[in-house]
There are 2 protein chains.
Amino acid sequence: MDQNAPQTSARSPQQYAARAKVAKALAHPSRLFMLDLLGQRDLCVQELTQKVGADQSTVSKHLAVLRDAGLIESRREGTSNYYRVTCGCLDDFFRCLEAAVKPETETDSSVACDEGCST
Amino acid sequence: MDQNAPQTSARSPQQYAARAKVAKALAHPSRLFMLDLLGQRDLCVQELTQKVGADQSTVSKHLAVLRDAGLIESRREGTSNYYRVTCGCLDDFFRCLEAAVKPETETDSSVACDEGCST
DNA sequence: CCAGAGTATGGCTATATTGCCATAAAGCCA
DNA sequence: TGGCTTTATGGCAATATAGCCATACTCTGG
């Protein structure tokens with residue numbers, strides 16, 4: 001990679017890898033659905049399995065990915081394992097992205113980011 | 001999936017797929033690096049190839065992924081193809097995530113999201 | 001038109017991800 | 001302890017992704 005970048009950029013490769021890991025955890029429809037559900041209230045694996053409609057082991061592995069990325073935390077309650085989200089940024093972030101991305105695939109392009117985005 | 005969700009959630013599978021596509025585009029260190037660079041100023045493929053240090057075809061394919069996700073746009077200038085980012089949300093988003101995620105892998109956990117996050 | 005710079009795409013292999021089944025691990029209760 | 005519920009993990013096959021080389025495509029200048 002390049003050295004002496006002028007301003008905000010030029011992060012370390014480790015930082016990019018860490019961010020990529022988080023993004024990778026978000027890069028699956030089922031996991032996004034689970035995050036949305038967990039954003040409403042804590043749920044255990046069984047409940048999530050029911051709502052997602054996949055195998056229990058699949059859901060458990062998805063949850064492991066999200067937890068490894070630091071996006072959710074777990075809390076035991078008897079034999080159940082309840083999960084909760086650790087950050088509420090996700091929704092705002094995707095809303096912003098959709099405001100910038102949707103117009104491109106529908107009507108025109110450019111602008112539009114100003115509507116739902118701070119920058 | 002489940003019906004009648006109370007509040008914000010319960011999006012359509014298409015919406016989750018679209019979000020996953022964007023997240024997948026972000027799920028690679030080189031692409032994050034390229035987005036950071038493009039956030040500073042527009043760059044052509046040749047310049048990006050130089051800075052990233054990978055094969056030109058690899059960089060071109062990364063750019064195609066980012067463009068398909070709607071994260072960047074291109075503009076021809078002679079034989080060169082200059083790219084620019086379409087949304088500045090990314091930096092804020094990752095900063096927020098890191099504020100919520102880092103503490104978990106370093107010292108304690110929980111809280112911390114309030115520091116850099118609106119929610 | 002021709003040559004060359006700049007970019008995109010096809011083809012290929014190596015690696016990673018996904019999702020299921022089977023099964024192990026952990027905790028509760030009789 | 002034994003049986004039950006709930007989760008997590010190992011293993012496997014199908015699919016997707018990453019990166020390179022080679023090459024086709026596009027535009028400019030002579």
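Throughout, protein chains are lettered first and strands after them, A, B, ... in sequence-line order, and every chain is numbered starting at 1. Computation of the quantities below employed the complete heavy-atom set of this structure, encompassing side-chain atoms and omitting hydrogens, waters and symmetry-equivalent molecules. None of the values given here were measured: they were computed from a predicted structure.
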Requested in this report: Tell me which nucleotide among dA8(D), dT18(C), dC20(D) gets nearest to the side chain of N81(A).
Outcome: dA8(D)

Query raised in the report: If we only count heavy atoms from C-beta on, is the L38(B) to L48(B) side-chain gap below 4.5 Å?
Result: yes

Report task. Using a 4.0 Å heavy-atom cut-off across all strands, classify A54(B) as base, sugar-phosphate, or nothing. Result -> sugar-phosphate

Query raised in the report: Is there a side-chain polar atom (N or O) of S60(A) under 4.0 Å from OP1 or OP2 of dT9(D)?
Result: no

Requested in this report: Write down the distance between OH (Y82(B)) and P (dT26(D)), rounded to a whole number of angstrom.
Outcome: 20 Å

Report task. Calculate the interatomic distance between Q50(B) atom CD and dA5(C) atom C1'; express it in whole Å. Result -> 14 Å

Requested in this report: Ignoring backbone atoms, test whether Y83(A) places a side-chain nitrogen or oxygen under 4.0 Å from the OP1 or OP2 oxygen of dA8(D).
Outcome: yes

Report task. By nearest nucleotide on DNA chain C, pick out whichever of E47(B) and A27(A) is the more 5' one. Result -> E47(B)

Report task. Provide, to the nearest angstrom, the distance between the CD atom belonging to E77(B) and the C1' atom belonging to dT28(D). Result -> 13 Å

Query - Minimum-distance nucleotide (side-chain atoms of S80(A) versus dC20(C), dT18(C), dT7(D)) - result: dT7(D)

**Report entry** Residue K24(B), side-chain atoms from C-beta onward, closest of dT7(C), dT7(D), dT17(D)
**Finding:** dT17(D)

Report task. Tell me which of S57(B) and V65(B) sits closer to the 5' end of DNA chain D, going by the nucleotide each one is nearest to. Result -> V65(B)

**Report entry** Sidechain-backbone polar pair: S80(A) side chain, C44(A) backbone, donor-acceptor under 3.5 Å
**Finding:** no

Query - Between dT17(C) (P) and K21(A) (NZ): distance, integer Å - result: 11 Å

Report task. Kindly say whether T79(B) contributes a backbone atom to a donor-acceptor pair with the side chain of R76(B) at under 3.5 angstrom? Result -> yes

Report summary line: Assign each of R31(A) and V45(B) the nucleotide of DNA chain C bearing its closest heavy atom; nearer the 5' end lies the nucleotide of V45(B)

Query raised in the report: Between R76(B) and dT7(C), does any side-chain N or O lie under 4.0 Å from OP1 or OP2?
Result: no

Requested in this report: With the side chain counted from C-beta on, respond yes when L97(B) and F93(A) share a heavy-atom pair under 4.5 Å apart, and no when they do not.
Outcome: no

Query raised in the report: Is there a donor on the side chain of T79(A) or the base of dC4(D) sitting less than 3.5 Å from an acceptor on the other?
Result: no

Query raised in the report: Closer than 4.0 Å, any side-chain N/O of Q56(B) to the OP1 or OP2 of dT7(C)?
Result: no

Requested in this report: Check whether any side-chain heavy atom of K24(A) lies under 4.5 Å from a side-chain heavy atom of L26(B), and answer yes or no.
Outcome: no

Query raised in the report: Using a cut-off of less than 4.0 Å, is there contact between a side-chain N or O of H62(A) and OP1 or OP2 of dT17(C)?
Result: no

